[in-house]
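The model shown is predicted, which means the values in this text are computed figures rather than measured ones. In each ligand, atom 1 is the first atom listed, and ligand 1 is the first ligand listed.
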Amino acid sequence: MECLVTGANFLLKAVNHEAFTYLNGQKEFVQIDHNDLYPYLLVNIGSGVSMVKVDGDGKFERVSGTSVGGGTFWGLGKLLTKCQSFDELLELSHRGNNRVVDMLVGDISGGMDYSKIGLSSTAIASSFGRAISNNNELDDYKPEDVSRSLLRMISNNIGQISYLNALRFGLKRIFFGGFFIRGHSYTMETISVAVHKGEAKAMFLRHEGFLGALGAFMSYDRHSLDDSMINQSVQIPVDASCGTDTNCNPLERDLNETESMQCRVYQA
Ligand SMILES: Nc1ncnc2c1ncn2[C@@H]1O[C@H](COP(=O)(O)OP(=O)(O)O)[C@@H](O)[C@H]1O
Ligand SMILES: CC(C)(COP(=O)(O)O)[C@@H](O)C(=O)NCCC(=O)O
């Protein structure tokens, strides 16, 4: 988690045009003022989703998350569409129509005007909900439509949970990272709309999939080889503890006896 935050902080400070908003098909780069970066919410969408409140360099707290993330899209999508690769599944979603699978507010009968409670007739009332209203089997649906509905369901859910966490801590900016996003317009649009309800702004990162790797590289770089020889308390047999004491004979010591001692270990 520390690597993730280190990577995000570095990119946001060092790379021009790293962060951008995405709404109505428009990408708009955001100029980040280094002195006004913190606090922000970092949402990393990998296999699962972590939501981290970042208050500064090395200052962060994982405040929330959800197990419904990139792995869910890929795993469930693979089962439902028989796709062989993530890219294929993503490509399918480009061409799909989620209205075939999702139940929209307008589909719900009863004549109630949901606009009074802030819901338009085209809002999704229930993801995959349309599948219960007829006798269709999975094979009756196009994989494109299933993929699009799944992507929308997962992205929207992540956006909503992120929005609530931003609200919870009064955070104005949410940066979304992780390899799930892949610069995919439909994913970013859905997340943005889910967040857009409130004051917080959804922003995406050009190097979305490399935050952790970059942070790990930077941490390695920061600690030179000498620095990585750290003092660590470990349990080792005392016969190995003679060190430079030339009068010490390990064979005269009880081999079962152990004691805690300081020893230098190399940490990769
Ligand atoms: N080519 C790909 N193959 C597999 N998963 C991919 C691919 N491109 C994007 N993804 C998505 O990225 C997710 C993993 O994201 P990543 O940021 O690498 O997280 P993790 O730390 O869990 O490996 C997958 O669950 C999937 O949704
Ligand atoms: C366990 C993880 C931090 C691992 O990170 P990942 O490899 O998914 O990027 C992440 O999958 C996660 O936060 N899962 C959600 C757990 C939860 O909040 O329910």
Side-chain angles (χ1 to χ4, degrees), residues 1-12 15 18-20 22 40-54 58-96 98 127-128 143-144 146-169 171 174-191 194-195 202-220:
M1 201 78 17
E2 188 165 357
C3 292
L4 208 64
V5 173
T6 302
N9 282 347
F10 169 75
L11 287 170
L12 288 167
V15 181
E18 174 62 28
F20 60 92
Y22 195 93
Y40 69 84
L41 188 70
L42 175 63
V43 177
N44 190 64
I45 318 177
S47 303
V49 186
S50 277
M51 298 178 186
V52 187
K53 178 172 170 282
V54 182
K59 282 203 228 157
F60 63 89
E61 184 190 356
R62 185 183 186 280
V63 292
S64 191
T66 166
S67 59
V68 180
T72 317
F73 176 62
W74 177 209
L76 206 47
K78 192 175 167 194
L79 291 177
L80 292 173
T81 67
K82 309 263 188 301
C83 266
Q84 291 306 306
S85 74
F86 180 89
D87 289 45
E88 198 189 330
L89 185 64
L90 208 56
E91 168 59 27
L92 279 181
S93 76
H94 273 294
R95 293 179 270 126
N98 68 297
S127 293
F128 283 82
E144 293 90 312
V146 170
S147 172
R148 193 158 176 108
S149 177
L150 192 59
L151 186 58
R152 178 102 188 237
M153 178 179 87
I154 290 167
S155 306
N156 186 50
N157 198 49
I158 293 169
Q160 285 188 325
I161 299 171
S162 306
Y163 156 69
L164 289 173
N165 274 288
L167 203 67
R168 188 176 155 211
F169 295 102
L171 305 174
I174 311 176
F175 293 105
F176 289 88
F179 208 36
F180 165 74
I181 301 173
R182 291 281 301 273
H184 192 49
S185 53
Y186 192 63
T187 306
M188 295 191 292
E189 188 83 43
T190 306
I191 290 175
V195 169
M203 292 184 212
F204 303 92
L205 302 171
R206 266 168 63 202
H207 300 94
E208 56 189 19
F210 303 100
L211 308 187
L214 190 58
F217 173 74
M218 291 179 64
S219 305
Y220 179 79

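Closest to atom 17 (O) of ligand 1, if we only count protein heavy atoms, is Phe179 N, 3.0 Å. Residue, atom and distance of the protein heavy atom nearest to atom 19 (O) of ligand 1 are Gly46 CA, 3.2 Å. Looking only at protein heavy atoms, the nearest one to atom 19 (O) of ligand 2 is Ser67 N, 3.9 Å. Ranking the protein heavy atoms by distance from atom 3 (C) of ligand 2 puts Ser50 OG, 3.5 Å first. Ser47 OG, 4.2 Å is the protein heavy atom nearest to atom 23 (O) of ligand 1. For atom 15 (C) of ligand 2, the nearest protein heavy atom (residue, atom name, distance) is Thr66 O, 3.4 Å. The protein heavy atom nearest to atom 3 (N) of ligand 1 is Phe86 CB, 3.7 Å.
Contact annotation for atom 10 (N) of ligand 1: protein present (non-hydrogen atoms, distance under 4.0 Å). For atom 1 (C) of ligand 2, no protein heavy-atom neighbour is present inside the 4.0 Å cut-off. Protein non-hydrogen atoms do reach within 4.0 Å of atom 11 (O) of ligand 2.
At least one heavy atom of Phe180 sits closer than 4.0 Å to an atom of ligand 1. The shortest separation from a heavy atom of Gly209 to ligand 1 is not under 4.0 Å, leaving the residue out of contact.
Counting heavy atoms closer than 4.0 Å to ligand 1, residue Asn44 contributes nothing at all.
Interatomic distance, Ser50 OG to Met1 CE, rounded to the nearest 0.5 Å: 3.5 Å. If you take OH on Tyr186 and NE2 on His94, they are separated by 12.0 Å, rounding to the nearest 0.5 Å.
Close N/O approach between Gly71 and ligand 1 is found [any backbone or side-chain N/O within under 3.5 Å]. Checking only distances, Arg182 does come within under 3.5 Å of ligand 1, N or O to N or O. Of the polar atoms of Gly46, none of the N or O atoms is found under 3.5 Å from an N or O of ligand 2, judged by distance alone. Looking at ligand 1, you'll find an N or O of Gly70 within less than 3.5 Å of one of its N or O atoms.
The environment of Phe210 atom CZ is sparse: at most 12 non-hydrogen atoms of other residues, nucleotides or ligands sit within 6.0 angstrom.
Under a 4.0 Å criterion applied to the non-hydrogen atoms of Gly48, ligand 2 contributes the atoms 8 (O), 11 (O), 14 (N). For ligand 2 and Gly65, the ligand atoms under 4.0 Å from any heavy atom of the residue are 18 (O). Shown in contact with Asp87 at under 4.0 Å from a heavy atom are these atoms of ligand 1, numbered in order with element: 1 (N). The contact set between ligand 2 and Ser47, taken as ligand atoms under 4.0 Å from a residue heavy atom, comprises 8 (O).
No side-chain heavy atom of Thr6 sits less than 4.5 Å from a side-chain heavy atom of Phe60. In this structure, the side chains of Val146 and Phe128 come closer than 4.5 Å at one or more pairs of heavy atoms.
Looking only at distances, a side-chain donor or acceptor of Thr81 sits under 3.5 Å from a matching main-chain atom of Gly77. Remark: side-chain polar atoms of Glu18 are paired, donor with acceptor, to backbone N or O of Arg206 under 3.5 angstrom. Side chain of Ser93 to main chain of Leu90: a donor-acceptor pair is present (N/O by atom type, distance under 3.5 Å, no hydrogens or angles). A donor-acceptor pair under 3.5 Å links the side-chain atoms of Thr72 to the main chain of Gly69, judged by distance alone. Under the 3.5 Å distance criterion, the side-chain polar atoms of Glu208 are left unmatched by any main-chain donor or acceptor of Phe176.
Of the candidates Arg62, Met1, Met51, the one placing a heavy atom closest to atom 16 (C) of ligand 2 is Arg62.
Just one of Leu41, Leu164, Ile161 meets the side chain to side chain contact (heavy atoms under 4.5 Å, CB included) condition when paired with Ser64; it is Ile161. When Thr187, Ile45, Ile181 are each tested for a side chain to side chain contact (heavy atoms under 4.5 Å, CB included) with Ser155, only one passes: Thr187.
Using a 30° and 60° split on the angle between ring planes, Phe204 and Phe20 fall in the tilted class, from 30° to 60°.
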